[in-house]
There are 2 protein chains.
Amino acid sequence: MPAATDALDKVLALSLLVGRDLERFERTERMTTPRVHLLWQLGAGGPSTQRDLAHALDVSPRNITGLVDGLVASGHVTREPHPTDRRATLVTPTAAGAALFAALQHSHAALAERLFGHLDEQRLGAFVTALDDTLDRFPTPLEQSA
Amino acid sequence: MPAATDALDKVLALSLLVGRDLERFERTERMTTPRVHLLWQLGAGGPSTQRDLAHALDVSPRNITGLVDGLVASGHVTREPHPTDRRATLVTPTAAGAALFAALQHSHAALAERLFGHLDEQRLGAFVTALDDTLDRFPTPLEQSA
DNA sequence: TATTGTTATACTCTATAACTATA
DNA sequence: TATAGTTATAGAGTATAACAATA
């Protein structure tokens with residue numbers, strides 16, 4: 001029952017809630033989590049090579065081929081020729097892909113409001129500060145495992 | 001930049017850290033996430049029928065067959081006859097399975113300490129209370145999607 | 001030579017539907 | 001009839017290794 005374990009358990013319960021929300025979104029959009037992540041990355045980072053996507057998602061290049069295949073089939077992205085490197089392709093969101101990214105952003109913000117909107121400014125500030133202090137103790141999370 | 005979105009993003013970053021920690025554990029133990037979850041459930045709830053495990057993990061009964069097959073092959077569980085229902089089996093941890101569960105618990109507690117041990121009692125208390133208030137707004141998370 | 005992406009192959013997780021053995 | 005678990009089948013995500021085209 002140390003309070004630290006209690007805090008971790010509650011954080012995990014919360015992220016489970018977030019996961020459920022994402023699942024609901026995916027069901028209505030006929031989408032899967034890895035494809036949503038790729039589309040999110042594309043929306044945040046703009047058209048990218050498959051190599052860059054493989055790095056960003058921390059997944060093998062072969063895997064990106066499959067995910068992009070699926071997103072091409074569903075009409076969310078296209079493979080465009082890279083302007084200077086003829087080996088590479090630029091994975092580019094279609095209008096439908098961009099619309100889905102916008103919907104994701106909206107859903108994300110709405111969930112955040114639903115989860116934390118009830119906390120007054122001071123409590124929310126203290127909450128975020130505590131998270132910052134915790135995250136600061138782990139240098140470059142994504143590189144840590146490399 | 002609303003603070004609510006900021007809070008959600010940081011919670012997700014934190015749960016990503018936790019996920020990385022679990023992955024490291026799984027690599028060293030030659031284990032997968034679904035099997036770890038099953039083993040955790042078994043450790044927490046004691047020997048269980050596959051039907052109960054399917055409910056607890058929110059997964060199809062067929063899927064449990066596969067996960068248990070894998071855990072039997074790796075020597076972490078056995079299928080024991082149910083004392084009163086000859087249709088059912090009691091999935092039961094072996095010594096190795098129980099040891100792995102203990103290691104999981106230990107790793108979980110150590111991670112919690114590493115993440116939150118630096119916060120003083122008052123800040124940690126406020127953090128947990130904020131999480132409680134947030135979680136209380138979502139009645140029975142697991143049933144919500146049903 | 002090194003890099004980008006694909007084909008070939010394989011394994012795990014996941015689901016539904018049909019089936020067997022029991023309740 | 002209903003329930004517990006398995007076989008059959010299918011699809012998505014994941015990986016490594018070998019290969020083609022290009023740098």
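For clarity, every value in this text was computed on a predicted model and none was experimentally measured. Side chains included, hydrogens not; waters and symmetry mates left out as well; all remaining heavy atoms used. In what follows, chains carry the letters A, B, and so on, assigned in the order in which the sequence lines appear, proteins first and then strands, with residues in each chain numbered from 1.
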Quiz item: Phosphate oxygens OP1/OP2 of D/dT6: is one of them under 4.0 Å from a side-chain N or O of B/R79?
Solution: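 For D/dT6, OP1 or OP2 has a side-chain N or O of B/R79 closer than 4.0 Å.
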
Practice problem: Please determine if a side-chain N or O atom of B/T65 lies less than 4.0 Å away from the OP1 or OP2 oxygen of D/dT6. | Solution: yes

Exercise. Using a heavy-atom cut-off of under 4.0 Å over every strand shown, decide if A/T89 touches base, sugar-phosphate, or nothing.
Key: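 If one applies the 4.0 Å heavy-atom cut-off, A/T89 turns out to touch the sugar-phosphate alone, with no base involved.
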
Quiz item: So what does A/T33 hit on the nucleic acid, given a heavy-atom distance under 4.0 Å: a base, only sugar-phosphate, or nothing?
Solution: nothing

Spacing of [X] atom [atom1] relative to [N] atom [atom2], expressed in whole Å:
{"X": "A/L90", "N": "C/dT4", "atom1": "CG", "atom2": "C1'", "result": "12 Å"}
{"X": "B/R51", "N": "D/dT6", "atom1": "CZ", "atom2": "C1'", "result": "17 Å"}
{"X": "B/E23", "N": "D/dT14", "atom1": "CD", "atom2": "P", "result": "11 Å"}
{"X": "A/L38", "N": "D/dA12", "atom1": "CG", "atom2": "C1'", "result": "14 Å"}
{"X": "B/Q50", "N": "D/dT3", "atom1": "CD", "atom2": "P", "result": "17 Å"}
{"X": "B/L53", "N": "D/dT6", "atom1": "CG", "atom2": "P", "result": "11 Å"}
{"X": "A/H82", "N": "C/dT3", "atom1": "NE2", "atom2": "P", "result": "16 Å"}
{"X": "B/I64", "N": "D/dT3", "atom1": "CD1", "atom2": "P", "result": "18 Å"}

Self-check item: Residues in side chain to side chain donor-acceptor pair (under 3.5 Å) contact with A/T78, at least two apart in sequence or another chain
Solution: A/E80

Exercise. Scan residues 31-49 of chain A for pairs that pass side chain to side chain donor-acceptor pair (under 3.5 Å), counting only residues two or more places apart or in two chains.
Key: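 Pairs touching residues 31-49 of chain A that pass the test: A/E26-A/T33, A/T49-A/D52.
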
Going by atom type alone, with no hydrogens or angles, which donor-acceptor pairs under 3.5 Å involve a side-chain atom of residues 96-112 of chain A and a protein atom two or more places apart or on another chain?
from   : atom 1 : to   : atom 2 : distance (Å)
A/H108 : NE2    : B/D9 : OD1    : 2.7

Exercise. Spell out, as yes or no, whether a donor-acceptor pair under 3.5 Å connects the side chain of B/T5 to the backbone of B/A3.
Key: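 Side chain of B/T5 to backbone of B/A3, a donor-acceptor pair under 3.5 Å: no, none is there.
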
Quiz item: For B/R123 and B/D120, what are the C-alpha separation, side-chain angles and deciding distance, and is it a salt bridge (Lys or Arg N to Asp or Glu O under 4.0 Å)?
Solution: CA-CA 6 Å; B/R123 289 183 73 199; B/D120 63 51; 5.2 Å; no

Exercise. Could you list the residues that satisfy side-chain contact (heavy atoms from CB on, under 4.5 Å) with A/R79, not counting sequence neighbours?
Key: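 Partners of A/R79 under the side-chain contact (heavy atoms from CB on, under 4.5 Å) test: A/Q50, A/T65, A/V68, A/D69, A/V72, A/T89.
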
Quiz item: Which residue pairs pass the ring-ring contact (aromatic ring centres under 6.0 Å, His included) test when at least one of the two sits in residues 52-92 of chain A, sequence neighbours left out?
Solution: none

Exercise. Could you say whether A/T32 or B/D52 is positioned toward the 5' end of DNA chain D, judged by the nucleotide with the nearest heavy atom to each?
Key: B/D52

Exercise. Heavy atoms under 4.0 Å is the rule here; annotate nucleotides 14-23 of chain C 5' to 3' with B where the base is hit, S where only the sugar-phosphate is, and - elsewhere.
Key: BBB----BBS

